[in-house]
Amino acid sequence: MDLEQLLTDRLAPAFETVAGVPVDPVVRRSQRADFQSDAALALARRLGRPPRSIAAEVLDRADLADLCTVAEVSGPGFLNLTVAGEALAGLVAALATDPRLGVPVVAEPETVVVDYSAPNVAKEMHVGHLRSTVIGDAAARLLEWLGHRVIRANHLGDWGTPFGMLIEHLVDLGEVEAAQELSMGDLDSFYKAARAKFDADEAFRERSRLRVVALQGGDPATLRLWRLLVEQSERYFMTVYDLLDVTLTERAFHGESSYNDLLGPVVEDLDRRGLLRESEGAACVFPPGSVGRDGEPLPLIVRKSDGGYGYPATDLAAIRHRTGTLGATRLLYVVGLPQRRHFDMVYAAAAQAGWLAPPARAEHVGFGSILGPDGRMLRSRAGGSVKLVGLLEEAAARATALARERNPDLGEAEAAEVGRAVGIGAIKYADLSSDRHKDYVLDWERMLSLDGNTAPYFQYAYSRIQSIFRRAGVTAQPDAPISLAEPAERALAFELIGFAGVVTDVADSLEFHHLAGYLYRLAAAFSAFYERCPVLRADGPSRDSRLVLCDLTARVLRQGLYLLGIRTPERM
C-alpha cells in the first residue's frame, strides 16, 4: 500500500474522534520529517482550540506505534512523522514480490471509450496530431492496465463535401494510378491537386457537387471509390502509428460515416424530448449555460438549414451509441483546447437528452500546442504544417547517431532499434512531461539529452541497472530481506513505494506530467543510491538487499514508461 495513504488511514479516525466529523489528515512528504500533517491548523478555528492541543490529542489517539519511530507535534501544530525502518523495509519487500508493483486492479472496472488521434482521410498526419495520439494512447494504456475495459475510438474524418472533389480526382487519375499514389503516403499532394482543380475548373466543381449527392445517396459505384480512398488512407495511418509505437489498430477506426444511420434518430429523439428549436432554418439545441459574447443563448446546430448534418450531430450520435449500445460510463475526448466550448455544449445537450446520465460522464482531455524555438506554432521551413512522419524519422535518426557515438559496440540493427526507442520515446516524453493544458517548445537538444528530465535519462538508468546484472551474472532474489541502513537506500525506498499512489491519481486526472515527474524523482533517487551505495561490492545481506532495490527500480521504471508508451532498451 502507498505509505502516504496508510498514514492517512491511521490518522483519519483519530482526527474524526477529536473533531466529531470526518477530517482529511492532509498527509504529505516533508523536509522536516518523512511526512507531515497540518490538518490540526485548519481545525483550530472550528473547534476553538489551539492547534497544538488538537495535534497532541490526535497523536494520543492515533495507532502509529508500528509505523513511526517518531510522531511529534511541531511548530504551530504540525504533526511530524518519521517512518520506522522496519515498516519501510516491509513495504518494499511486499512490493518486490508483487507483479503489479503495489498497484491493484480496480474493484469496479468501467467501460471507457478513449477518442483520440482522429486524422482526416486523404490528408497526411501532421505535428498537430501528435499530442492527441500520444496523450490518448497513454490514457488507454493506463486505464487498461488498471483493469478497465478500454475501447479505442479513432474518429476519422471520412465524410462530407470534400469527398466529391477527391473522388472525381481519383476518377481522373484512374484507380490504379490513384491507389499507387496514395499507397506511397503522399496524401497531401493528392488532396492539393484535387483542390487546385476544384478551384480552377467549373466543370470539375459541378462534377464534384454531383458526386457528393451520389455519395450521400448511397450510389454503389461512388461508395466503392470512396472506400478505396478510405482504405488507402487507413494503411498510411497504420504506418504512422507503427512508427509512433502506439496501440491503435484497424479496429479502432470509427469514421464519421459510421454514424450516418444514427443521425436521423438523434434528431427525432431530440425533437421528441422537446429540445429542438428552429434558428434561421436550422434545427438547434440550446444547452443551458451556453451564451455568446453578446449574452444571447448560443445554439448547437444539429441539422443545418440545407438538411445536412455537422459535427455536433455526429458527436451526439457517438455519445448516444457509446453510452447506450457500448455501455460506456467514461468517455474521454482527447482534443485540443480550442474545441472546449464545442464539447461543453455537446456534453450539455447529451445530458439534457438523457444520453449522458450518471454514472456516465464525458471529459474533454484538452491540450495546448507544440511550439518551435521561436515560441510560435511549429512550422516547416516552407511555412506549412510539419509532417508527423518527418518529425518521427528525424527523432529516430538523431537518436541512432547518438547511440552509435556513445556505444560503438552496437551493431547496425541494434543501434537502429535503440535509436528508434530513444528518439520516439524522447518525442513522447517531451509531450507527456509537460502540463497538457499548456503549450511547449520542441527542443531537440533538451529532448535527447541523457541528463535531466528526459526519456533518454530514464532509459539510460534502466539499461544501467540491466548492465549490473549482466556484468555480475546474477539475478535479484525478490524474497531477500530488505535492509535500509543508508540514507540513500531509505530515500530510494520512499520513491518506490509511492508508485501506486501516483498511478491512481493520474488515472483520475489524466495529468501525465505527474507520472513523468514521479519517474524523474525515482531515477534521481536511484542515481544517488548507485553513487553512494556499492551494490556488487557490498557484503552478502546488503548486496542481496541492494540487488532487490535495483531490480525493483528497473521494474517500476519499465512499467511507468510503458504506461507513457515509451520503450526501455536493455542496452544503450
Side-chain angles (χ1 to χ4, degrees), residues 1-96 98 101-104 107 481-505 508-509 514 517-518 521-522 525 528-529 545 549 552:
M1 177 184 283
D2 178 13
L3 187 50
E4 187 173 304
Q5 186 60 53
L6 191 57
L7 291 169
T8 296
D9 292 344
R10 296 289 186 91
L11 288 173
F15 270 107
E16 184 172 355
T17 300
V18 173
V21 294
V23 174
D24 181 358
V26 196
V27 176
R28 57 173 63 92
R29 292 298 306 275
S30 170
Q31 293 182 340
R32 299 181 180 277
D34 293 331
F35 291 92
Q36 186 177 80
S37 166
D38 59 4
L41 280 71
L43 281 176
R45 179 174 295 181
R46 183 195 303 175
L47 300 182
R49 294 174 54 188
R52 285 186 62 89
S53 170
I54 296 170
E57 185 177 351
V58 167
L59 275 188
D60 287 341
R61 296 178 180 277
D63 179 16
L64 298 171
D66 62 328
L67 281 181
C68 298
T69 53
V70 177
E72 60 185 4
V73 179
S74 173
F78 297 112
L79 287 179
N80 284 352
L81 308 170
T82 300
V83 178
E86 296 81 1
L88 184 59
L91 291 171
V92 173
L95 209 62
D98 182 359
L101 300 167
V103 182
I482 301 299
S483 171
L484 303 173
E486 297 295 329
E489 292 173 312
R490 188 177 172 88
L492 178 57
F494 274 119
E495 294 300 341
L496 287 167
I497 63 176
F499 182 56
V502 172
V503 168
T504 301
D505 290 345
D508 290 333
S509 70
H514 292 308
Y518 163 78
R521 294 192 301 274
L522 174 62
F529 157 80
S545 174
L549 290 175
L552 192 49

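Looking only at side-chain heavy atoms (C-beta outward), L59 and L64 come within less than 4.5 Å of each other. L67 places a side-chain heavy atom less than 4.5 Å from the side chain of R10. Taking the side chain as every heavy atom from C-beta outward, L11 and L81 approach each other to under 4.5 Å. Between S545 and V92, the closest side-chain pair of non-hydrogen atoms is not below 4.5 Å.
Scored by the side-chain contact (heavy atoms from CB on, under 4.5 Å) test, A56 finds V73 as partners (sequence neighbours excluded). Looking at residues two or more places apart in sequence or on another chain, you find a side-chain contact (heavy atoms from CB on, under 4.5 Å) between A488 and F529, R532, C533. Residues passing the side-chain hydrogen bond (donor to acceptor under 3.5 Å, both in side chains) test with T82: none are found, sequence neighbours excluded. For A89, the side-chain contact (heavy atoms from CB on, under 4.5 Å) partners are I482, L484, not counting sequence neighbours. In this view, D508 satisfies the side-chain hydrogen bond (donor to acceptor under 3.5 Å, both in side chains) rule with no residue, not counting sequence neighbours.
Going from atom CG of L549 over to atom CG of L492 covers 5.5 Å, rounded to the nearest 0.5 Å. Note that the SG atom of C68 and the CG atom of L7 stand 5.5 Å from one another [nearest 0.5 Å].
Residue pairs meeting the ring pair (Phe, Tyr, Trp, His ring centres under 6.0 Å) criterion with at least one member in residues 13-68, sequence neighbours excluded: F35-F494. Applying the salt bridge (charged side-chain N to carboxylate O under 4.0 Å, His left out) rule to pairs touching residues 483-500 yields D34-R490, E489-R546, E495-R521, sequence neighbours excluded. Screening residues 39-89 for ring pair (Phe, Tyr, Trp, His ring centres under 6.0 Å), with sequence neighbours left out, gives no hits.
Shown here is R32, whose CZ atom has no more than 12 heavy atoms of other residues, nucleotides or ligands within 6.0 Å.
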* Asked: Under the side chain to side chain contact (heavy atoms under 4.5 Å, CB included) criterion, do L552 and L101 qualify, and how do the steps go?
  -> CA-CA 8 Å; L552 192 49; L101 300 167; 3.7 Å; yes
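Across every non-hydrogen atom of G75 and R52, the tightest pair is O-NH1, 2.7 Å.
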Got a list of side-chain donor-acceptor pairs under 3.5 Å for residues 38-51, not counting sequence neighbours?
residue, atom, partner, partner atom, Å
D38, OD2, R28, NH1, 3.1
R49, NH1, E57, OE1, 2.9
R49, NH2, S53, OG, 2.9
R49, NH2, E57, OE1, 2.9

Could you tabulate the donor-acceptor pairs under 3.5 Å formed by side-chain atoms of residues 17-27, not counting sequence neighbours?
residue, atom, partner, partner atom, Å
T17, OG1, P13, O, 2.9
D24, OD1, V26, N, 2.9

